[in-house]
Amino acid sequence: MTEEKNIAKVYDPKLFEKKWYSFWEDNRLFHAEAEEDKTPFSIVIPPPNVTGQLHMGHAMDNTLQDILIRWRRMQGYNTLWMPGCDHAGIATQAKVEESLRKEGISRYDLGREKFLERVWAWKEKFGNRIMSQLRSLGSSCDWERQRFTMDEGCSRAVREVFVSLYEKGLIYRGTRITNWCPHCNTAISDIEVDHKTEQGHLWHIRYPLAEGGGYIEIATTRPETMLGDTGVAVHPEDERYRDVVGKMVVLPIVGRKIPVFADEYVDREFGTGAVKVTPAHDPNDYDMGERHNLEQIKVIGNDGTMTDEAGKYASMDRYECRKKIVEELKSLGVLSSIEEHEHSVGHCSRCNSTIEPLVSEQWFVKMDTLAKPAIEAVRDGRIQFVPERFSKIYINWLENIRDWCISRQLWWGHRIPAWYCDDCGETIVSRDDIDTCPKCGGKHIRQDEDVLDTWFSSGLWPFATMGWPDDTRELRHFYPTSVLVTGYDIIFFWVVRMVVMGLEFGKDIPFRHVFIHGLVRDDQGRKMSKSLGNGIDPVEVIDKYGADTLRFMLVTGNTPGNDLRFYWNRVESARNFANKLWNASRFMMMNLEGFDGSFVPCGDDFTLEDRWILSRYAKTVEGVTENLEKFELGEAARAIYEFIWSELCDWYIELVKPRLYAKDGGDASRMTAQYVLAYVLEHTLRLLHPFMPFITEELWQHLPHEGISIMAAEWPSGEANRIDEDAERCMTAIMDTIKAIRNMRAEVGAQPGKKSEAAISLSDETLRDVFASHEIYFKNLADVEPMTIMNDGDEHPRNALTAVSGGVTSYLPLKGLIDVEKESARLKKELENIENEIKRTTAKLNNENFTAKAPAAVVEKEKAKKEEAEAKRGTLIARMEQLKAMA
RNA sequence: GCGCUGUUAGCUCAGUUGGUUAGAGUAUCACCUUGACAUGGUGGGGGUCGCAGAUUCGAUUUCUGCACAGCGCACCA
């Protein structure tokens, strides 16, 4: 026949995935224009790091987004998926510095300008890698609009936001205690610090009173910081220390006199109840220092070594210093004891170094006023988290937010638009670069050396990518975006900042839904990580199994907000599904001969199986659409899987074969079968397309269709009139009976394919007619021939196995081969089950509370169950007696 | 310390307003290469839904407590 017949026997994604992606892109099927008469649906991609490469988390995140995007696009929405990547300040700079290190130089050897040239070159080299990997996954992003967080537009947006917040007094510069990473050599924000429990020590040290003898004993986990102590705190109501409050103590080693004071912060139960206070190196001490006007003495420098303030310990490493200090305290006789002590220590979330809290001059965003509208937007439901539970985490965090340290001592990033005049000391924050002091006209002006936290620009992503601060058509049409899809691990980093910035500058929420997913873990449930080496490269999976397989694997069994384990056998399962669909379609194509595309069957042409599959298909459409609306993508995928495999393939195709194989092609029965099969298959491919875009396109192109791509086909809807409960009832009875007969045949080891006769007794007259007219089902699917439909008075066949399901009793005569004992035992077991069922239903129905309070439909259902069970019991008992007589 | 999530078949997980004898994938056992597919088909075995209470006619589902596992936040110097 046609070339279709030569379609590969086995699903091989390599043969068509690249081809279709280019086809889509060449035909600009991903592109969206802001057209005001259309309903928009938009998503901005969580921008991956510019020098990163696709990992499993990206693969899942983008699969979920692409499913939503493709589905809404088919539904007719004006659909935009905005792609792009993030400059990722620290991460990228660290990578380039690492490559410099291999050349034996540091960024300081190059200088800022040359170094940045290297980073931009690096960005050019690797920047497109992840974007092409996203393409291989099938992501239908509008690549014509691709953005970068440091492109011209984003840079302008960053400046505008910074200056505007500064002018509103919401950005300020101050000398405060911040988290300092000695390795990355920069300040970092609170959420970039991971607290880990570590085994340490609690050193008890005696600080002698300056006058009158005696001492106060303090406990510390960080003895080296004592060099910077400027006070000792106790609780105001602590009797033990009532007399020492207000007195001075002499700091050992240093000899400095420092005050003992009272502060509510101190926990009387902990340690000795007396705390050494180092305002320059501990956040709580810093706060106490502010309250009590204590001096800040910075003894640990930015590089993690001791400063000149540390006297003889200057330039010593902080941990080496700790050892030496302890030794010296011991020799001075003021170290009274050392306890084992478990405590939590902050680590840099990037490099895992121990964080050093220290005082430095940084830029901050004042968060309290900005946080309020962001909380309100979620509280009042303008923004909805999916699943809902994450809104609580979000709100709770925002309610306790502290100011955000936004300056980073890096070179790669948005440089802070602040200038300092050396002539008059003025600080100028400006949208444009300046070289003259607007106040004194001086030329000795220098820009702030620092750059902004990466998340500062990411926070503007939803509106900066739409052209803000200009009032663009994109902004008006696609903003607020419809949904944000991301992992729960960056709610604080990113989601919160976008909402804050969106409300403040985008003048609206940035998105209506936040669809949160979990992490992809390895087969042991561990986080995939570089250090463990347990990561699985999605590109490798795509190479081996195809993008559709990977996507389907990532979405099936995926529940919103929950983690997903990666199993190769789940990959194989998804691949097998693709192969199943492939072959079902191939079957269809092999049987299209003589099919006239213009043929439309009329009501009478549809057979029972046609009506049944169309009904099942209609219900599938409803289920899939509903689940997608609820972001239950895994459930939606499962529903399609089940329909295709368990209904379309297992039953419909098998039932319809005789009609397709019929010699006299061109008759209505055969053409109707072709029509229904083509219809259901083509529409099911549409349902599946958002999940498996490539295979569905490839197959769709082989089938009779309209339009250039399945991408542009309409999402199925309005199928409710095809729901046919009567057909479903009949088919269910038939399928149950076929299964029962297969079961009996397997039980006695009947040779597959060898026909055996069967007798069927039905209480329902309608069903009796249906069964009688569909003997061929039983012949082809249960190897029954001939089949007798028994009349009411007929005696049960004697040497026969019996199966009862619903109101149908099937007998499988065995002509003397029956093992009476075995069969009796089997029936006895079945009888036990049915007795239990009767007992259960009877008890339920005798319970007046039940019959009175349960809904009538439930009671009726229960009654029917009981009657059916009783009928079945009657049949079973009759059979058992018959068997007894034979023995 | 506060909070969240999970606990369902050997394994991994679904189970959407409380209502048949609780499902799937995978693994396992038996049989079958039949003219879409062995990446397949047919059939079987396998679960007192973590424990204890409460509400209800009825709880895997709602509530409370507990246990175990995991996570987040805060943090004791």
Side-chain angles (χ1 to χ4, degrees), chain A residues 7 9-11 191 195 202 218-222 225 233 265-267 269-278 282 284-285 288 341 343-344 387 389-390 392-393 396-397 400 488-489 491-492 518-519 523 525 545 556-559 561-565 567 569-570 572-591 626-627 630 632 634-635 638 641-642 646 649-650 653-654 657 661 739 742-747 749-753 780-783 833-834 836-837 840-841 844 847-855 857-859 861-862 864-865 868-869:
Chain A
I7 183 170
K9 191 173 171 179
V10 174
Y11 160 69
I191 44 177
H195 290 273
L202 197 57
I218 58 91
T220 180
T221 55
R222 305 194 53 199
T225 63
Y265 162 78
V266 179
D267 175 5
E269 307 299 317
F270 189 89
T272 62
V275 193
K276 64 187 263 321
V277 180
T278 324
D282 181 280
N284 296 307
D285 292 6
M288 282 196 278
H341 179 64
H343 62 147
S344 106
R389 65 174 186 271
F390 289 102
K392 204 171 162 184
I393 295 173
N396 187 44
W397 192 75
N400 298 295
Y488 56 69
D489 50 333
I491 292 176
F492 304 146
L519 272 36
D523 58 2
Y545 289 90
T556 45
N558 187 338
T559 315
N562 287 8
D563 293 346
L564 186 80
R565 286 199 199 187
Y567 277 93
N569 67 19
R570 292 191 51 226
E572 283 183 16
S573 168
R575 189 270 320 269
N576 294 352
F577 172 60
N579 188 59
K580 187 74 181 177
L581 175 69
W582 183 264
N583 276 288
S585 305
R586 197 163 69 92
F587 170 82
M588 167 77 212
M589 291 161 206
M590 290 163 76
N591 289 285
E626 278 168 21
N627 277 309
K630 290 187 291 186
E632 291 280 358
E635 281 296 290
R638 192 193 49 76
Y641 178 100
E642 284 217 350
S646 310
C649 292
D650 286 356
I653 286 181
E654 295 305 326
K657 275 178 179 173
Y661 290 159
K739 284 185 215 163
R742 283 172 175 170
N743 180 340
M744 289 191 289
R745 284 176 53 94
E747 199 97 18
Q751 197 184 325
N780 289 335
L781 271 58
D783 287 321
N833 287 340
I834 212 73
N836 281 336
E837 173 75 356
R840 200 183 57 77
T841 49
K844 220 171 180 179
N847 184 340
E848 274 178 36
N849 276 322
F850 173 69
T851 48
K853 292 184 184 174
V858 176
V859 178
K861 228 172 170 181
E862 209 63 28
K865 253 188 285 177
E868 193 176 290

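Below, chain A is the first sequence line, B the second, and so on; all start at residue 1.
Nearest nucleotide to the side chain of Phe850(A), out of A77(B), G19(B), G43(B): G19(B). Distances from the side chain of Val275(A) to the nucleotides A77(B), G25(B), U20(B) place A77(B) closest. Here the side chain of Lys853(A) is nearest to one of U16(B), U56(B), G3(B), namely U56(B). Distances were taken from every side-chain heavy atom of Lys844(A) (C-beta onward) to each of G19(B), A77(B), A14(B); the shortest belongs to G19(B). For Ala854(A), whose side chain is taken as the heavy atoms from C-beta onward, the closest listed nucleotide among G41(B), C57(B), C11(B) is C57(B). In this structure, of A77(B), C37(B), U16(B), it is C37(B) that holds the atom nearest to the side chain of Asn579(A). When distances are taken from the side chain of Glu635(A) to each of U39(B), A14(B), G41(B), the shortest belongs to A14(B). Comparing A77(B), U20(B), G19(B) by their closest approach to the side chain of Val858(A) singles out G19(B). You'll find that the side chain of Phe492(A) is closest to C73(B), out of C73(B), A77(B), U16(B). The nucleotide whose nearest atom lies closest to any side-chain atom of Lys9(A) is, among A24(B), C37(B), G15(B), C37(B).
Listed pair His195(A) / G72(B) fails the phosphate criterion, with no side-chain N or O lying under 4.0 Å from OP1 or OP2. Of the side-chain N and O atoms in Arg565(A), one or more sit less than 4.0 angstrom from OP1 or OP2 of U12(B). In terms of phosphate contacts, Asn576(A) brings a side-chain nitrogen or oxygen within less than 4.0 Å of OP1 or OP2 of G40(B). One finds a side-chain N or O of Lys392(A) lying less than 4.0 angstrom from the OP1 or OP2 phosphate oxygen of C4(B). OP1 or OP2 of G44(B) lies within a sub-4.0 Å distance of a side-chain N or O belonging to Asn743(A). Close to U39(B), at under 4.0 Å from its OP1 or OP2, lies no side-chain N or O of Lys580(A). Between Arg742(A) and the phosphate of G43(B), there is a side-chain N or O to OP1/OP2 separation shorter than 4.0 Å.
Lys630(A) comes within contact range of at least one nucleobase, with a heavy-atom separation under 4.0 Å. Within the nucleic acid shown, Lys657(A) comes within 4.0 Å of at least one base atom, counting heavy atoms only. Within 4.0 Å of Tyr488(A), counting heavy atoms only, lies no atom of the nucleic acid at all. No engagement by Thr278(A) is indicated, since no non-hydrogen atom pair under 4.0 Å with the nucleic acid exists. Using a 4.0 Å heavy-atom distance criterion, Asn569(A) is classed as a sugar-phosphate-only contact. Counting any heavy atom pair closer than 4.0 Å across all strands shown, Ser344(A) reaches a base atom. Across all strands shown, Asn562(A) has heavy atoms under 4.0 Å from sugar-phosphate atoms exclusively, and none from any base. Here Gly273(A) lies in heavy-atom contact (under 4.0 Å) with a base.
Across Asp783(A) and Gly753(A), no two heavy atoms sit closer than the pair OD2-N, 3.1 Å. Scanning both residues, Gln751(A) and Arg745(A), for their nearest heavy atoms gives O-NH2, 3.0 Å. Nearest heavy atoms, Leu781(A) versus Arg742(A): O-NE, 2.9 Å. Considering all non-hydrogen atoms of both residues, Thr272(A) and Ile218(A) come closest at OG1-CA, 3.5 Å.
A9(B) and C4(B) have their C1' atoms separated by 28 Å, given to the nearest Å. Nucleotides A27(B) and U39(B) are separated by 12 Å at their P atoms, to the nearest Å. Here the separation of G18(B) from U55(B), taken at their C1' atoms, is 12 Å to the nearest Å.
A salt bridge links Glu642(A) to Arg638(A): at least one charged side-chain nitrogen sits closer than 4.0 Å to a carboxylate oxygen.
Side chain to side chain, Tyr488(A) and Asp563(A) meet the donor-acceptor criterion of an N or O pair below 3.5 Å.
When each of Asp523(A) and Glu572(A) is assigned the nucleotide of RNA chain B with its nearest heavy atom, Asp523(A) is the one assigned upstream, toward the 5' end.
Residue side chain Glu654(A) reaches the base of A36(B) through a donor-acceptor N/O pair under 3.5 Å, judged by distance alone.
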